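As the structure is a prediction and not an experimental result, all values here were calculated from the model.
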Amino acid sequence: DPRFASWASAVSHAPSLDAQRELTGAVDLHLRGEFRSAIPRFLRAADPSAVFNMPLLWAMQASCNVEEYEQAEAILSDLTSRRGQLSPFEQLGCDYFAACLNGDRAGALRAARRASELVPDSEALAQLGREAIFSNQPRLAADALERLKPDRGWMPSWTPYWGRLTEAYHMLGDHARELEAARRGRRQHPEAISTLLY
C-alpha cells in the first residue's frame, strides 16, 4: 500500500496481511475524523506476537483527539513496558506521547523533530509542524510542512494539513504565502469546507 511506504523502515516488524488491512481501514476512519470508530480497529491491527506496534501510535493519537487520555496512557504504558522490542521510531513515538500527555510541549517538539529526522520523507513532518506551531515556532512549522508532499502517502486524504500550513504562514505574517497555500489546499480538496475557510 503506497500510503504507508514512508513508514516501512520505521516499524520493528512488518505486519501480517490481516493486520495491514485492519490498519488501512482504521486509518481511513481516522482521516475522516471518525476517531472513536478507528480506535478499536487500530487496537485489533496491533499484533504483539508479530511485534507490529505502529497501530498503537495511531490509537494513542485518536484517543487524544477525543480526549480519552486514560486510554492513551494505558496504551503508552503497555508500549513502554515492551520498549526493548520497539523500533527507534516507535520509541520516539512513545516519548512524543509521554511528553504530550504530561503537557511537555518542548519535549513533544524534541521527539517530533527526532522522529522526522529518522524518517525524513514521512508524515512525521506533520507532527513536527503541529508541535512547532504549539511552541510558537512558525518558521520551523512552515519549513517542515512544506517539505511534506501533500500528494503522497495518506496525506491526500488529510485536509488539516492545509490548516496547519496556512496557520504557520499566518503566524509569520506572510499572508501572500498563506493565501497561496490555502488555494493549493482548495484545489486538492474542493469538496471540503475547511479548505474554503483556510
Side-chain angles (χ1 to χ4, degrees), residues 1-102 108 111-112 114-116 118-119 121-131 148-161 164 189 191-192 194:
D1 187 335
R3 293 182 306 162
F4 299 97
S6 66
W7 300 93
S9 65
V11 298
S12 49
H13 292 83
S16 67
L17 185 57
D18 287 341
Q20 180 61 35
R21 285 183 180 142
E22 199 69 51
L23 175 63
T24 299
V27 167
D28 288 342
L29 291 168
H30 185 95
L31 295 175
R32 289 196 306 262
E34 298 176 37
F35 306 117
R36 287 190 197 283
S37 299
I39 292 167
R41 294 197 72 176
F42 284 131
L43 296 177
R44 285 195 302 269
D47 185 352
S49 65
V51 201
F52 183 52
N53 298 300
M54 186 66 76
L56 296 177
L57 299 179
W58 283 86
M60 281 190 283
Q61 184 63 65
S63 298
C64 289
N65 289 350
V66 294
E67 299 181 356
E68 293 184 3
Y69 301 113
E70 287 182 10
Q71 179 170 264
E73 287 174 355
I75 296 167
L76 178 62
S77 178
D78 172 57
L79 274 175
T80 302
S81 73
R82 298 184 281 116
R83 191 173 178 95
Q85 299 174 341
L86 304 181
S87 71
F89 179 85
E90 292 164 343
Q91 291 176 10
L92 284 171
C94 288
D95 296 344
Y96 172 78
F97 282 107
C100 288
L101 291 166
N102 288 321
R114 290 179 57 213
S116 70
L118 199 58
V119 281
D121 293 324
S122 78
E123 296 82 357
L125 290 166
Q127 289 302 97
L128 176 57
R130 174 179 188 251
E131 293 308 321
L148 193 54
K149 304 292 185 253
D151 58 348
R152 275 195 3 215
W154 48 262
M155 293 301 298
S157 301
W158 194 62
T159 56
Y161 166 80
R164 289 185 187 171
H189 293 283
E191 78 292 349
S194 60

Exercise. Looking at side-chain heavy atoms only, is the closest gap between Leu128 and Leu148 below 4.5 Å?
Worked result: no
Exercise. Once you round to the nearest 0.5 Å, how far does CZ of Phe35 lie from CD of Glu67?
Worked result: 11.5 Å
Exercise. Does some side-chain heavy atom of Phe97 sit less than 4.5 Å from a side-chain heavy atom of Ile75?
Worked result: no
Exercise. Parallel, tilted or perpendicular for Trp58 and Phe42, by the 30°/60° rule?
Worked result: parallel
Exercise. With no hydrogens and no angle check, do the side chains of Gln91 and Asp95 hold a donor and an acceptor under 3.5 Å apart?
Worked result: no
Problem set entry | Atom CZ of Arg114 with >12 non-hydrogen neighbours under 6.0 angstrom | no
Exercise. Would you say the side chain of Pro15 lies within less than 4.5 Å of the side chain of Glu22, judging by non-hydrogen atoms?
Worked result: no
Problem set entry | Salt-bridge criterion met for Asp28 and Arg32 (N-O under 4.0 Å) | no
Exercise. Looking only at heavy atoms, which two atoms of Ala26 and Arg41 are closest? And how far apart?
Worked result: CB-CB, 3.6 Å
Problem set entry | Side-chain heavy atoms of Cys94 within contact of Leu86, under 4.5 Å | yes
Exercise. Any side-chain heavy-atom pair from Leu76 and Met60 closer than 4.5 angstrom?
Worked result: yes
Seminar exercise, completed: Nearest heavy-atom approach of Glu123 to Gly153 is OE2-CA, 3.4 Å
For this session: Calculate, to the nearest 0.5 Å, the distance between atoms CZ and OH belonging to Phe89 and Tyr96 respectively.
Result: 10.5 Å
Exercise. Of all heavy-atom pairs between Ser37 and Leu29, which one has the smallest distance, and what is that distance?
Worked result: O-CD1, 3.7 Å
For this session: Would you mind reporting whether Gln71 and Val66 have side-chain heavy atoms less than 4.5 Å apart?
Result: no
Exercise. Does CD in Glu191 sit with more than 12 non-hydrogen atoms of other residues, nucleotides or ligands closer than 6.0 Å?
Worked result: yes
Problem set entry | Spatial distance of atom NE2 (His30) from atom CG (Leu23) [nearest 0.5 Å] | 11.0 Å
Exercise. Is a donor on one side and an acceptor on the other found under 3.5 Å between the side chain of Ser63 and the backbone of Ala59?
Worked result: yes
Exercise. Is there a side chain to side chain contact (heavy atoms under 4.5 Å, CB included) between Glu131 and Cys100 once you walk through the steps?
Worked result: CA-CA 10 Å; Glu131 293 308 321; Cys100 288; 4.1 Å; yes
Problem set entry | Flag side-chain contact, heavy atom, 4.5 Å: Glu73 against Ser77 | no
Exercise. Does Arg152 reach the main-chain N or O of Asp121 with its side chain, forming a donor-acceptor pair under 3.5 Å?
Worked result: yes
Exercise. Say you draw a straight line from CD of Gln20 to CZ of Phe52; how long is it, rounded to the nearest 0.5 Å?
Worked result: 5.5 Å
Exercise. What's the verdict on side chain to side chain contact (heavy atoms under 4.5 Å, CB included) for Arg164 and Arg130, showing C-alpha distance, side-chain angles and the deciding distance?
Worked result: CA-CA 7 Å; Arg164 289 185 187 171; Arg130 174 179 188 251; 3.2 Å; yes
Exercise. Can you tell if the side chain of Arg82 reaches within under 4.5 Å of the side chain of Leu56, non-hydrogen atoms only?
Worked result: yes
